[in-house]
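Right, one structure below, let's go through it.
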Amino acid sequence: MTRDLFDDECSPAPWVQEIGEDAVILRHFAIAQVDALLEDIHNLQDLSPFRRQQTPGGFWMSVGMSNCGSFGWISDRKGYRYVAIDPVTGSPWPAMPDLFYQVAVEAAEQAGFKDFVPDACLINRYEIGTKMSLHQDKDEQDMSQPIVSVSLGLPAVFMFGGQSRQDPVQRFPLFQGDVVVWGGRSRLNFHGVRPLKADLNAPNGQGDVRYNLTFRKAF
DNA sequence: CAGTTCCA
DNA sequence: GGAC
């Protein structure tokens, strides 16, 4: 998709920003669905609460996490893995809301991944000061399927590197409604999120929180 | 090494 | 910012 003069100046329509090989930011892609997505998150957290998790090395991640869909990503001292049962509730993860699934599949298709069938959605809650260090998503079985990441709430700075930890890292601001899709040659690229800052321009407590939905095909 | 790490 |  290309931008015309109108879009370039003032349109809220979505546009595509290439950030690497087989990797794009779909700017404003989910802008019309933001309120409904946030309401879904609000409902989901009652069924499967946000919790901080421990890395295999014993450090506590700062970001609050939950999941929906057939499988959820968890971390503890035993390692990273996908499980069908939420260890906090002892029940299956909540079903993936239809809207989540639709947004993820359409974003993937827009990015050139025609047959994305996500079976897992990790929901990350970033509060002020929290971050996600540079890492790879490599716990999935089928690396031919992309990663789809939806940004909601406060803006954040996304880091996108290469397949090696030593590769240079680019930084991109992510705003509410933006969707990042990476796969193919970028599927195993390192990525992360800089410590979240309060929105100096909206001190009226629009919520000092950022949510990120990360869709994967785990199995 | 998905670290509010730790060091400089 | 880099190393572990």
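Protein chains get the first letters and strands the later ones, always in sequence-line order, with residue 1 at the start of each.
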> Can you tell me how far P of dT5(B) sits from CZ of Arg52(A), to the nearest Å?
Replying inline: 11 Å
>> At 4.0 Å (heavy atoms only), tell me whether Arg194(A) reaches a base, stays on the sugar-phosphate, or touches nothing.
In response: nothing
> Rounded to whole angstrom units, what separation is found between the NE2 atom of His135(A) and the P atom of dG3(B)?
Replying inline: 8 Å
> Looking at residues at least two apart in the chain, or sitting in another chain, which of them share a side-chain hydrogen bond (donor to acceptor under 3.5 Å, both in side chains) with Thr214(A)?
Replying inline: Asn212(A)
>> Does Gly57(A) reach a base, just sugar-phosphate, or nothing at all? Heavy atoms under 4.0 Å.
In response: sugar-phosphate
> C1' atom, dC1(B) versus dG1(C): distance in rounded Å?
Replying inline: 16 Å
>> Please report the distance, rounded to the nearest Å, between CD in Gln53(A) and C1' in dG3(B).
In response: 14 Å
Name the atoms and distances for all side-chain donor-acceptor pairs under 3.5 Å in residues 114-129 of chain A, with sequence neighbours left out.
from: Asp119(A); atom 1: OD1; to: Ala218(A); atom 2: N; distance (Å): 2.7
from: Asp119(A); atom 1: OD2; to: Phe219(A); atom 2: N; distance (Å): 3.2

>> Taking ring pair (Phe, Tyr, Trp, His ring centres under 6.0 Å) as the definition, give me every residue that meets it alongside Phe113(A), ordered by chain and number, with sequence neighbours left out.
In response: none
>> Just the rounded figure in Å: distance from P of dG1(C) to CE of Met159(A).
In response: 11 Å
>> Please report the distance, rounded to the nearest Å, between CD in Glu140(A) and P in dA2(B).
In response: 13 Å
> Rounding to a whole Å, what distance do you find between His191(A):NE2 and dA2(B):P?
Replying inline: 10 Å
> Going by number, which of residues 65-93 of chain A have a non-hydrogen atom under 4.0 Å from DNA chain B?
Replying inline: Trp73(A), Tyr80(A)
>> Rounding to an integer number of Å, can you tell me how far Leu122(A) CG sits from dA2(B) P?
In response: 14 Å
> Do you know which two heavy atoms are closest between Phe29(A) and Gln110(A), and how far apart they sit?
Replying inline: CE1-OE1, 3.9 Å
>> Checking Arg185(A) now: which residues fulfil side-chain hydrogen bond (donor to acceptor under 3.5 Å, both in side chains) with it, not counting sequence neighbours?
In response: Asp22(A)
>> Suppose the criterion is salt bridge (Lys or Arg N to Asp or Glu O under 4.0 Å): which pairs have a residue in residues 74-83 of chain A, not counting sequence neighbours?
In response: Asp76(A)-Arg81(A)
> Under the side chain to side chain donor-acceptor pair (under 3.5 Å) rule, what pairs show up with a residue in residues 152-177 of chain A, not counting sequence neighbours?
Replying inline: none
> Which residues satisfy the ring pair (Phe, Tyr, Trp, His ring centres under 6.0 Å) test with Tyr80(A), sequence neighbours excluded?
Replying inline: Trp73(A)
> Minimum heavy-atom separation for Ile85(A) to Pro92(A), with atom names?
Replying inline: CD1-N, 3.8 Å
> Given atom CZ of Arg165(A) and atom P of dC4(C), what is their separation to the nearest angstrom?
Replying inline: 12 Å
>> Wobble G-U and Watson-Crick pairs count when both distances are under 3.5 Å; given that, what is the 5' to 3' dot-bracket string of DNA chain B, with | for pairing to other strands?
In response: ..|.|||.
